[in-house]
Each structure stands twice: as structure tokens, then as C-alpha cells.
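Side-chain atoms are counted along with the backbone in the values below, which use heavy atoms only and exclude waters and symmetry mates.
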Amino acid sequence: MVAAGRSGTDGGAPTHAAPATTVARLRARLWGTLRDRGRRVRGIGGLALQAGLAAALSWLVVRQVLHVSQPVFAPISAVSTLAASVGQRLRRTVELIIGVTVGVLVGDLLLTVTGTGWWQLALIVVLAILVALFLAGSAAVVIQAGATAVLIATLSPSVRDLEIPRFVDALVGGAVALLVTAVLLPLSPLRVLNRAARPVLDLLSTTLDATAGALADGDIDRALVARTKLRENKDELRALIEATQGAREASTLSPVHWHERHGPVGRYAQAAEPIDRAMRNAGTLIRRAVTVIEDGEQVPKALPGAVADLAAAVRLLKRQFAAGHEPTEARARALRAVCAAGDAYREGVGFSGAVVVAQVRTTTSDLLVATGLAQEVANRLVRRAFGRPRRPADDRR
């Protein structure tokens, strides 16, 4: 018979344990969400300031200099230009002007022939979009052409001389946006690159570290988690590629950063493609490491060490890029990984272990190219290091 005055336990576990765990998880999730939102605001804060300044300046120019009573389109054009991905703002300005020009020309021409009305509006928009697609094929040009055609078709009968102000507004808005980006509030190209590269390089180094530990301990679960994490890298790589475009644009347009075009920023911006290749080759390395553990292949002590050295090289690359230094230490550590891989190969590895060794070499070559070396030089250094036994050295990472 069950006692009515039962204690708050079930099999020795307190009844409040489950709610407490749930609350702890919700609290951790809430703090994680707040941190993510905070990082997002910090990352976009500079863009918000640029957009506000560009909108205000374009309004002042059109109102005070050109004496337009309702300067609406210029601030819209300025914000639209700055809303483009960093690295595509000069292109967005040109697209704005082309789109507005197409919309104005098509709208004026057809209004002269057909007059105004609902079907004329439909015809004007369709033709403006088709002409924009034929001339440029860009979504931004198509949107601007269609929107301008709508304005011309609907407002021209009641607003005189709309065409020239619309074109001038687009020109002023785009020009002011570029002025703000290049001179008044230029973004630091190195900061843009660091912000985008940090998640990519952190993901690569942590998954390689986890793989090294999994090989050393024969931990298949840890290797599987590393494999899954590295597969989820599309957003990080896309952000890095966009950041390289932005850095090139900033160092080209802004006089403040002209001196950086051929220095740290230029070297950093060229690293996106080889880092992408390194991510893909590291993915193959990790997949084969999983097979090594699953098949129970021999794992020489030097093999986990090689993968760990590769992870350490990635961390050094991140630090030296962030500081704007020549990444000589990262190169040395990456070649140390190749030496260790050569030791493991000579000691004896199975089929999948040999693939891991080969991917250490290939990933190292990619990282060396990311540091600014030519592909031929990187390959030669890797071949030389593979045949040289690893020397005892400081293993600090």
C-alpha cells in the first residue's frame, strides 16, 4: 500500500530536478540568444551609422543645393546603396542609376504614345523590367527600373518634371553613400576581415583539435561530432567571401586605407579561397579519421600529433592575421604538422590512415597559400617537410 505522505522523491531523484534542469536550459538558451543578438548589433552598428549619415546628407544636398521641395528619393537611394553587401556598394550605385534611367525612358516613351491608365501601368512595368533584364540582368537594376516605371506612370500626370529629379536623386543618393563609406565613416578593412574570418578559422581549428583527440583516444563519437560540425560551414564561408569583397572595396575607395591594399588587407583578402579549400580538405581528413577508428586501424602516435599541429597552425594564422603580421609562425607550425604526418606514414598506417596523412599535406598546402605563398612554393615546402623527421619542439599552442 502506497503511503499518502510520500516524500518528494521518485526512485531517489528529487521531483524538482526536472523543472530545475528545464529552467537552467531555458536560461542558457536565453543568454545565448542575447549574446548572439548583441554580436549582431555590434556587427551592424557601423552600417547603421553610415546609413543614417548618408540619408541626412543626401536630403540636405537635394533640398538645400538643388532646391527640391520633397527630397525623398535621394535618401532612399543612399540607404539602398549602403544596404547592399559590403563590397558591392559601388556596383549598387551604378545599378541604381541604370535602373532609374531605364524606368524613366520606358515610362516617358510609353506615356507619350499610350497615355495613362491601369493597362498602361502594367505595360510600362513589364517593358521596363524586360529592358532592364536585357541590359544588366541584375535584380537591383530590375527592381529600380520597375519601381521608377511605376512612379513615372502614376505620378507624372500630376507631378511636373518628375523624371530629371528622380534621376538626380538616384545619382546624389548613391554618390553620398559612397562618400560616407570612403571618407566620412570608412570601415576598417582589417576589422571587417577579422570579424568574418574568426568563425571560419575557429570552426576549423576546433574540429581538427577534436579529431586529433578522437584519433588518440579511439573516440568515434567525438570524431563524428567534429565531422558534423565542419559540414555546417556554408554561412561562415559566405560571410568570409563577402568580407573579402568589402575589404577590397574599402581599401580601394577610402584614402584612409589606400596604404593597406598591398599589405595585410591584400594578403588577408586573398586568403578566402585557399581557406575554403582547406575546409573541404579538412572535411575529407575528418571523414577518413572516422573510418580509421571504425576499422580499428593502427594509429601511430605521430598521427594525432600531426592533426593537432594543423589545428595549432590555424589558430596562429587567425592571431597573426588579426594583428596584421606576416604569418611566419603559422607557416612553421603547419609544416611541423607535415613532418609529423611523415613520421606516422613511415611508422605504418592503414589505408584510411594514409588518406589522413595525405590530407594533412593537402590542407597544409592550402594554409600556406592562405598565408600568401605561391602554390608551387607551398607544394615544394610540403614535400620537403614530409621527408624530414619531426624535431622535438615546444608544443604550446
Just by modelled atom types, is the [Y] backbone N or O under 3.5 Å from a matching donor or acceptor in the [X] side chain?
{"X": "Ser205", "Y": "Asp202", "answer": "yes"}
{"X": "Asp217", "Y": "Asp219", "answer": "no"}
{"X": "Gln64", "Y": "Val61", "answer": "no"}

Hey, what else clusters with Val125 if you join Ile, Leu, Val, Met, Phe, Trp, Tyr whenever side-chain heavy atoms sit under 4.5 Å?
->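 Taking Ile, Leu, Val, Met, Phe, Trp and Tyr as members, Val125 shares its hydrophobic cluster with Leu121, Ile129, Leu133, Val142, Val150.
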Quick one: are [X] and [Y] in side-chain contact, heavy atoms under 4.5 Å?
{"X": "Leu317", "Y": "Gln320", "answer": "no"}
{"X": "Val126", "Y": "Leu130", "answer": "yes"}
{"X": "Phe351", "Y": "Thr291", "answer": "no"}
{"X": "Leu127", "Y": "Leu110", "answer": "yes"}
{"X": "Val131", "Y": "Leu105", "answer": "no"}
{"X": "Val356", "Y": "Thr211", "answer": "no"}
{"X": "Ser365", "Y": "Gln375", "answer": "yes"}
{"X": "Leu201", "Y": "Ile275", "answer": "yes"}

Have a look at Thr371 and tell me which of Glu329, Glu326, Arg331 forms a side chain to side chain contact (heavy atoms under 4.5 Å, CB included) with it.
->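 Running side chain to side chain contact (heavy atoms under 4.5 Å, CB included) over Glu329, Glu326, Arg331 with Thr371 returns exactly one hit, Arg331.
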Answer yes if [X] and [Y] sit in the same cluster of Ile, Leu, Val, Met, Phe, Trp and Tyr residues linked by side chain heavy atoms under 4.5 Å apart, and no otherwise.
{"X": "Ile143", "Y": "Phe134", "value": "no"}
{"X": "Leu367", "Y": "Val377", "value": "yes"}
{"X": "Val349", "Y": "Ile220", "value": "yes"}
{"X": "Ile286", "Y": "Val307", "value": "yes"}
{"X": "Leu215", "Y": "Val225", "value": "no"}

Between [X] and [Y], which heavy-atom pair has the shortest distance, and what is it?
{"X": "Gly107", "Y": "Ile124", "result": "CA-CG2, 3.8 Å"}
{"X": "Gly387", "Y": "Arg346", "result": "CA-NH1, 3.9 Å"}
{"X": "Pro75", "Y": "Trp59", "result": "CG-CB, 3.9 Å"}
{"X": "Ser58", "Y": "Gly173", "result": "CB-CA, 4.2 Å"}
{"X": "Leu57", "Y": "Val180", "result": "CD1-CG2, 4.2 Å"}
{"X": "Ala344", "Y": "Pro300", "result": "O-CG, 3.6 Å"}

Between Asp209 and Arg315, does a side chain to side chain contact (heavy atoms under 4.5 Å, CB included) hold up when you go through it step by step?
-> CA-CA 11 Å; Asp209 262 335; Arg315 286 193 295 274; 2.5 Å; yes
Say you draw a straight line from [atom1] of [X] to [atom2] of [Y]; how long is it, rounded to the nearest 0.5 Å?
{"X": "Leu224", "Y": "Lys229", "atom1": "CG", "atom2": "NZ", "value": "12.5 Å"}
{"X": "Leu203", "Y": "Arg198", "atom1": "CG", "atom2": "CZ", "value": "14.5 Å"}
{"X": "Asp276", "Y": "Arg280", "atom1": "CG", "atom2": "CZ", "value": "4.5 Å"}
{"X": "Thr228", "Y": "Arg231", "atom1": "OG1", "atom2": "CZ", "value": "6.0 Å"}
{"X": "Leu381", "Y": "Leu373", "atom1": "CG", "atom2": "CG", "value": "6.5 Å"}
{"X": "Thr207", "Y": "Arg227", "atom1": "OG1", "atom2": "CZ", "value": "13.0 Å"}

For Val338 and Leu310, what are the C-alpha separation, side-chain angles and deciding distance, and is it a side chain to side chain contact (heavy atoms under 4.5 Å, CB included)?
-> CA-CA 8 Å; Val338 176; Leu310 202 55; over 6 Å; no
What do the steps show when you test Val292 against Val355 for side chain to side chain contact (heavy atoms under 4.5 Å, CB included), and what is the final call?
-> CA-CA 10 Å; Val292 167; Val355 177; over 6 Å; no
Taking atom types as modelled, find out whether Thr284 and Arg287 have a side-chain donor-acceptor pair closer than 3.5 angstrom.
->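 A pair is found: one side chain offers a donor N or O, the other an acceptor, under 3.5 Å apart.
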Would you tell me whether Thr362 and Asn281 have side-chain atoms, one donor and one acceptor, within less than 3.5 Å of each other?
->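 The answer is no; no qualifying pair exists.
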For Lys318 and Val314, run side chain to side chain contact (heavy atoms under 4.5 Å, CB included): C-alpha distance rounded to whole Å, both residues' side-chain angles, the deciding distance at 0.1 Å, then the answer.
-> CA-CA 6 Å; Lys318 183 186 75 170; Val314 174; 5.8 Å; no
Is the shortest distance from a Lys or Arg side-chain nitrogen in Glu294 or Arg288 to a carboxylate oxygen in the other one below 4.0 Å?
->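 Salt bridge flag = no for Arg288 with Glu294.
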Please collect all salt bridge (charged side-chain N to carboxylate O under 4.0 Å, His left out) contacts where either partner lies in residues 353-375, sequence neighbours excluded, each pair once.
->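 Output for this query lists Arg277-Asp366.
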